[in-house]
Amino acid sequence: MTILAIEINTPVEALNKAFLLNHPKDAARKIETMRPQDSAKLLGDQPVYILQPVWKNLPPGVADNVLLHLPDKTAAELLESMDASLRAALLSRFDEKAQEKFFALLDDDIVKELQELLQYPDDSAGALMETNITAFNENMTVLEAISQLRYQKIRDLHHLFLISDDMYLNGQVPVQRLALADGEEKLSSISVPLQAYVTALDPKSEIMEKFEKFKIGTMPVIDGNDHFVGVVRGRNLLGELKNTLATEMLTMVGASKDERALSSSWFAVKKRLPWLQINLVTAFLAAAVVGMFEETIAKYTALAILLPIAAGQSGNTGAQALAVTMRGLTLREITVRHWLRVLLKEANAALINGVAIAITCGAGVYFWSSSVGLALIIALAMISSMTIAAVSGALVPIMLKKFGQDPALSSSIILTTVTDIAGFMSFLGIATMLSGMLEAG
């Protein structure tokens with residue numbers, strides 16, 4: 001019986017081997033429709049030179065599941081025979097536990113190379129993408145695709161990404177279309193074009209720009225060889241954006257982005273103290289401006305009472321302009337070349353707000369002091385200081401960006417100095433010029 005079994009199986013094995021070797025694309029299409037366990041059983045005893053051409057034609061998802069079921073020896077030989085980029089793309093789709101399993105089967109030099117290829121810059125699509133992906137050949141039928149979805153137990157799927165026989169992304173099929181299509185239809189016949197894609201090294205700013213432009217939830221990522229390697233999901237990008245904005249809030253005020261609420265006091269001191277020292281120097285500059293008008297303040301003591309109002313209002317105005325401009329730069333709504341438009345917009349807004357605040361503030365000061373001169377001075381100071389502060393709030397981050405610096409880098413500390421000086425200079429300068437309208441004391 002054993003001899004008979006060998007005699008019967010030998011021609012079948014020979015036919016399988018010939019089919020895999022001479023028709024690798026057709027073999028890959030057939031493997032796509034099979035259960036991973038059955039595919040692994042078929043391929044497990046084949047030599048690597050037969051597996052290589054077939055593997056190059058297996059789409060993401062199918063190749064991963066079959067590899068998991070191959071014997072360790074066959075899996076190791078197959079991985080070692082692969083091109084470095086293909087090997088990295090394949091292993092990137094596994095979790096850390098599975099990666100460690102395959103690393104243990106490979107030479108140290110190959111593992112080191114893989115670890116380097118699997119690392120992407122922090123601000124790139126490669127670092128943000130999900131690599132646990134599945135793709136389908138465009139010539140598969142709807143029924144075959146549904147069977148493959150069941151084999152792979154895929155959930156949270158909105159689109160099926162399609163690849164051509166040459167393994168390039170070639171469209172997508174919304175799940176709704178798949179559910180309503182006839183079972184014998186090819187996926188290519190119900191596909192829609194890709195709206196956008198990014199490469200693995202594209203910066204986060206470019207990805208955000210495309211998400212904003214095309215209003216899509218998921219964006220495919222391709223590698224340097226134009227092969228599908230992952231997807232970036234809008235919800236993940238939103239989470240990353242929140243982290244970025246939170247980091248910028250810290251750096252704007254001179255706190256370290258590495259500091260946490262429960263960090264040690266000594267760590268907080270080391271990170272904050274240098275910027276507090278810088279802030280102290282800038283505070284002396286503002287104090288020096290006040291000192292220039294010492295005689296005016298000594299003669300008209302009411303000015304000292306109103307001084308914090310002028311500085312505070314300009315500070316708030318500058319902070320508003322800074323926040324809006326920073327958000328625009330972060331979300332790529334504006335670039336450095338938009339500086340004039342941003343400046344004019346903020347200046348106009350501050351001028352209108354300044355007039356409104358000037359009327360309110362001037363009326364309040366008049367009822368408090370019964371001095372027309374004092375009311376006029378505070379009103380004019382509100383208009384000028386708020387306009388200067390708004391323009392400064394817009395220009396500080398844009399200028400930092402222009403000179404290649406992080407626009408979030410302690411912008412508020414720089415702005416506070418400018419707005420304090422603007423508020424003091426406007427109020428006390430106008431008071432000095434219109435001192436004839438004031439009563440001493």
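Residues: numbered from 1 along the sequence shown. Remember, it's a predicted structure, so these values are computed and weren't measured experimentally.
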Where do R35 and D38 land on the salt bridge (Lys or Arg N to Asp or Glu O under 4.0 Å) test, with the steps shown first?
CA-CA 5 Å; R35 293 193 314 142; D38 296 335; 3.3 Å; yes

Consider only side-chain N and O atoms of S426 and S384, and report whether a donor and an acceptor are under 3.5 Å apart.
yes

Is it the case that S164 and D166 place a side-chain donor and acceptor less than 3.5 Å from each other?
no

Are there over 12 heavy-atom neighbours, none belonging to [X], within less than 6.0 Å of that residue's [atom1]?
X    : atom1 : result
K101 : NZ    : yes
F103 : CZ    : yes
D45  : CG    : no

Return the [atom1] to [atom2] distance between [X] and [Y], rounded to the nearest 0.5 Å.
X    : Y    : atom1 : atom2 : value
T134 : F136 : OG1   : CZ    : 5.5 Å
C361 : M382 : SG    : CE    : 4.5 Å
L91  : L67  : CG    : CG    : 7.0 Å
L380 : I430 : CG    : CD1   : 5.0 Å
L194 : F214 : CG    : CZ    : 11.0 Å
Q115 : D108 : CD    : CG    : 9.5 Å

Does any non-hydrogen side-chain atom of Q313 lie less than 4.5 Å from one of I357?
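When only atoms from C-beta onward are counted, Q313 and I357 do touch, with a gap below 4.5 Å.
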
Just wondering, do I207 and L128 contact through their side chains at under 4.5 Å, heavy atoms?
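Yes - at least one pair of side-chain heavy atoms lies under 4.5 Å apart.
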
For the residue pair [X] and [Y], what are the closest heavy atoms and their distance?
X    : Y    : value
A394 : V342 : CB-CG1, 3.8 Å
W339 : L395 : CE3-CD2, 4.3 Å
G230 : M129 : CA-SD, 3.9 Å
P71  : G44  : CD-CA, 4.0 Å
S39  : M34  : OG-CB, 3.5 Å
A40  : V66  : CB-O, 4.0 Å

So, the side chain of [X] versus the backbone of [Y]: is there a donor-acceptor pair under 3.5 Å, distance only?
X    : Y    : value
Q172 : H159 : no
E346 : L343 : no
D202 : T199 : yes
T74  : L70  : no
D223 : D226 : yes
S124 : Y120 : no
E185 : D182 : yes
K210 : A196 : no

Between V221 and Y197, is a side-chain contact (heavy atoms from CB on, under 4.5 Å) present by the stated rule, with each step listed?
CA-CA 6 Å; V221 183; Y197 63 87; over 6 Å; no

Worked check of side-chain contact (heavy atoms from CB on, under 4.5 Å) between I146 and L178
CA-CA 8 Å; I146 292 173; L178 183 73; 4.2 Å; yes

Apply side-chain hydrogen bond (donor to acceptor under 3.5 Å, both in side chains) to the pair S92 and T131, showing each step before the final yes or no.
CA-CA 6 Å; S92 72; T131 55; 4.5 Å; no

Between [X] and [Y], does any side-chain N to carboxylate O distance fall below 4.0 Å?
X    : Y    : answer
E130 : R233 : yes
K73  : E77  : yes
E80  : R87  : no
R93  : D64  : yes
K112 : D109 : no

So H227 and Y168, would you call those rings parallel, tilted or perpendicular, with 30° and 60° as cut-offs?
parallel

Worked check of side-chain contact (heavy atoms from CB on, under 4.5 Å) between L90 and L79
CA-CA 9 Å; L90 175 59; L79 287 169; 3.9 Å; yes

Just to verify, which of D165, L160, N170 counts as forming a side-chain contact (heavy atoms from CB on, under 4.5 Å) with E138?
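Filter result, single survivor: N170.
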
For a side-chain contact (heavy atoms from CB on, under 4.5 Å) check, start with the C-alpha distance between K17 and Q46, then their side-chain angles and the critical distance, and finish with the verdict.
CA-CA 7 Å; K17 186 174 293 187; Q46 302 295 339; 3.6 Å; yes

Residues two or more places apart in sequence or in another chain: which of them pass side chain to side chain donor-acceptor pair (under 3.5 Å) with R177?
none

For residues 50-59, dump all side-chain donor-acceptor pairs below 3.5 Å to protein atoms at least two apart in sequence or in another chain.
unit_1: Q52; atom_1: NE2; unit_2: S81; atom_2: O; d: 3.0
unit_1: Q52; atom_1: NE2; unit_2: S81; atom_2: OG; d: 3.3
unit_1: N57; atom_1: ND2; unit_2: P53; atom_2: O; d: 2.7

